[in-house]
Amino acid sequence: MAKATWTDVETLVKHLFEQGLQPDRQDLVDLAFAEDASDDVIDALDSLNGKPVPSLESLKQQLEANGVI
């Protein structure tokens with residue numbers, strides 16, 4: 001499986017965190033589909049658990065731990 005780049009993920013979701021939101025896995029995957037993100041980005045976001053993500057840095061850490069970026 002190819003890995004997504006952090007830059008692609010960050011560009012897609014950064015605005016959510018800037019608004020103070022804590023999106024969960026489904027919110028992020030839905031956004032990726034709506035914005036026609038690459039399959040690698042969708043797969044990376046799909047690797048998250050169902051809990052809300054508290055920050056952009058936390059998202060990056062989770063994706064790194066899952067080995068998808």
Side-chain angles (χ1 to χ4, degrees):
M1 175 169 84
K3 293 184 178 184
T5 66
W6 171 244
T7 303
D8 289 345
V9 174
E10 183 180 34
T11 300
L12 178 69
V13 304
K14 187 176 184 179
H15 71 278
L16 298 175
F17 294 99
E18 288 175 342
Q19 294 174 35
L21 301 176
Q22 293 186 6
D24 64 15
R25 180 194 145 283
Q26 193 61 54
D27 296 330
L28 295 170
V29 170
D30 288 348
L31 174 64
F33 275 113
E35 295 296 323
D36 200 25
S38 73
D39 289 343
D40 294 337
V41 170
I42 292 169
D43 290 343
L45 295 172
D46 197 36
S47 76
L48 297 169
N49 62 34
K51 298 178 183 173
V53 181
S55 68
L56 198 56
E57 184 58 32
S58 176
L59 175 63
K60 184 177 182 182
Q61 290 171 357
Q62 289 180 47
L63 295 176
E64 286 174 340
N66 292 348
V68 293
I69 61 169

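The figures here come from the full heavy-atom set of this structure, side chains too, leaving out hydrogens, waters and symmetry mates. In this chain, numbering begins with 1 at the start of the sequence shown. Just so you know, these numbers come straight off a predicted model, no measurement behind them.
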Tell me which donor-acceptor pairs under 3.5 Å the side chains of residues 62-69 have, and how far apart each pair is, sequence neighbours excluded?
| from | atom 1 | to | atom 2 | distance (Å) |
| --- | --- | --- | --- | --- |
| Q62 | NE2 | S58 | OG | 3.3 |
| N66 | ND2 | S47 | O | 3.1 |
| N66 | ND2 | S47 | OG | 3.0 |
| N66 | ND2 | Q62 | O | 3.4 |

For residues 15-22, tabulate all N or O donor-acceptor pairs below 3.5 Å that involve a side-chain atom, not counting sequence neighbours.
| from | atom 1 | to | atom 2 | distance (Å) |
| --- | --- | --- | --- | --- |
| H15 | ND1 | L12 | O | 3.4 |
| Q19 | NE2 | H15 | O | 3.4 |

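No donor-acceptor distance shorter than 3.5 angstrom exists from the side chain of R25 to the backbone of N49, with no hydrogens or angles considered.
Here CG of L45 is found 10.0 Å from CZ of F33. Values are rounded to the nearest 0.5 Å.
Heavy atoms only, all atoms of each residue included: V9 and A4 are closest at CG2-CB, 4.2 Å. Scanning both residues, P52 and P54, for their nearest heavy atoms gives O-CD, 3.5 Å.
Listed by chain and residue number, nothing satisfies the salt bridge (Lys or Arg N to Asp or Glu O under 4.0 Å) test with D30 (two or more places apart in sequence, or in another chain).
At a threshold of 4.5 Å between non-hydrogen side-chain atoms, the residues L28 and L59 count as touching. In this structure, the side chains of D40 and K3 stay at 4.5 Å or more apart for every pair of heavy atoms.
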